[in-house]
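A short write-up of the structure that comes next.
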Amino acid sequence: MSIHDEIAADFSEILQDFGKVIFYQGQPILALISEPMLAGELVLGGEVDEVRFNAKVLRPSIPDIPHSGQIVRWENKDYRIKAVMNRPPHAIVTLELGPVDP
């Protein structure tokens with residue numbers, strides 16, 4: 001068993017104990033959700049506070065690798081994927097999520 005397989009197995013156990021359900025492409029997926037970060041976002045007309053957080057998922061649990069701009073649903077609210085960290089052969093894909101419309 002490779003180190004990546006061991007990490008995937010351990011992360012799967014963590015998700016079973018602490019994971020939250022998010023919806024990606026309408027499918028429920030377990031994710032480890034980070035604490036929200038408050039950041040300032042410059043928009044037309046000034047600056048607004050924007051909450052961002054990360055959702056870490058197991059690569060085999062998603063139908064394809066997400067990309068920026070797609071929508072993820074968590075706790076009955078939609079969030080836009082702002083960035084994706086995907087580093088094969090690592091089994092964990094990290095999604096940076098923020099509001100749909102800042």
Side-chain angles (χ1 to χ4, degrees):
M1 178 181 276
S2 75
I3 185 71
H4 300 296
D5 294 334
E6 290 182 35
I7 290 170
D10 291 343
F11 189 69
S12 180
E13 289 181 26
I14 290 169
L15 287 175
Q16 294 304 314
D17 292 339
F18 303 104
K20 305 292 184 197
V21 176
I22 64 171
F23 290 87
Y24 171 67
Q25 295 184 346
Q27 297 181 4
I29 298 167
L30 281 177
L32 192 61
I33 305 292
S34 71
E35 292 293 324
M37 299 176 291
L38 183 62
E41 178 79 16
L42 190 59
V43 296
L44 188 62
E47 185 176 355
V48 300
D49 288 335
E50 177 181 86
V51 175
R52 287 187 181 212
F53 58 95
N54 291 330
K56 293 185 178 191
V57 300
L58 273 174
R59 182 186 320 279
S61 70
I62 51 179
D64 59 10
I65 301 302
H67 56 81
S68 296
Q70 288 181 297
I71 303 297
V72 170
R73 188 160 187 80
W74 179 54
E75 292 188 337
N76 297 318
K77 189 171 179 184
D78 289 337
Y79 295 93
R80 187 172 307 283
I81 298 174
K82 303 292 184 174
V84 177
M85 185 171 63
N86 171 37
R87 300 182 325 181
H90 296 284
I92 300 170
V93 176
T94 302
L95 310 174
E96 182 180 324
L97 303 173
V100 173
D101 297 314

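All residue numbers in this chain count up from 1 along the given sequence.
- Under a 3.5 Å cut-off, the side chain of E13 and the backbone N or O of D10 do not form any donor-acceptor pair.
- The shortest side-chain heavy-atom distance between L30 and S61 does not fall under the 4.5 Å cut-off.
- Closest approach of F11 to V57, counting heavy atoms only: CE2-C, 4.1 Å.
- Not a single donor-acceptor pair under 3.5 Å links the side chain of R80 to the backbone N or O of G98.
- The aromatic rings of W74 and F53 are tilted relative to each other, their planes meeting at an angle between 30° and 60°.
- At distances below 3.5 Å, not a single donor-acceptor pair connects side-chain atoms of R59 with backbone N or O atoms of V93.
- Here the closest heavy-atom approach between residue I81 and residue P66 is recorded as CD1-CB, 3.6 Å.
- Proximity of Q70 to Q25: side-chain heavy atoms (C-beta onward) are separated by under 4.5 Å at one or more points.
- Cluster membership for M1 and I7, using ILVMFWY side-chain heavy atoms within less than 4.5 angstrom, is not shared.
- Taken to the nearest 0.5 Å, the CG atom of N86 stands 7.5 Å off from the CD1 atom of I62.
- Atom CZ of R52 and atom OG of S34 lie 12.0 Å apart (nearest 0.5 Å).
- Counting heavy atoms from C-beta outward, I33 and L97 have side chains that stay 4.5 Å or more apart.
- Using a 4.5 Å cut-off on side-chain heavy atoms (C-beta onward), I92 and L32 make no contact.
- How far NE2 of H90 is from CD1 of I3: 10.0 Å, rounded to the nearest 0.5 Å.
- When all heavy atoms of P99 and K82 are compared, the pair lying nearest together is O-NZ, 3.4 Å.
- Between I29 and Y24, the shortest heavy-atom contact is CD1-CB, 3.6 Å.
- Annotation: side chain of D78 is not in contact with side chain of F23 (no heavy-atom distance under 4.5 Å).
- L58 and M85 fall into different hydrophobic clusters, defined by Ile, Leu, Val, Met, Phe, Trp and Tyr side-chain heavy atoms under 4.5 Å apart, directly or through other members.
- When all heavy atoms are compared, the tightest approach of I22 to A31 is CD1-CB, 3.9 Å.
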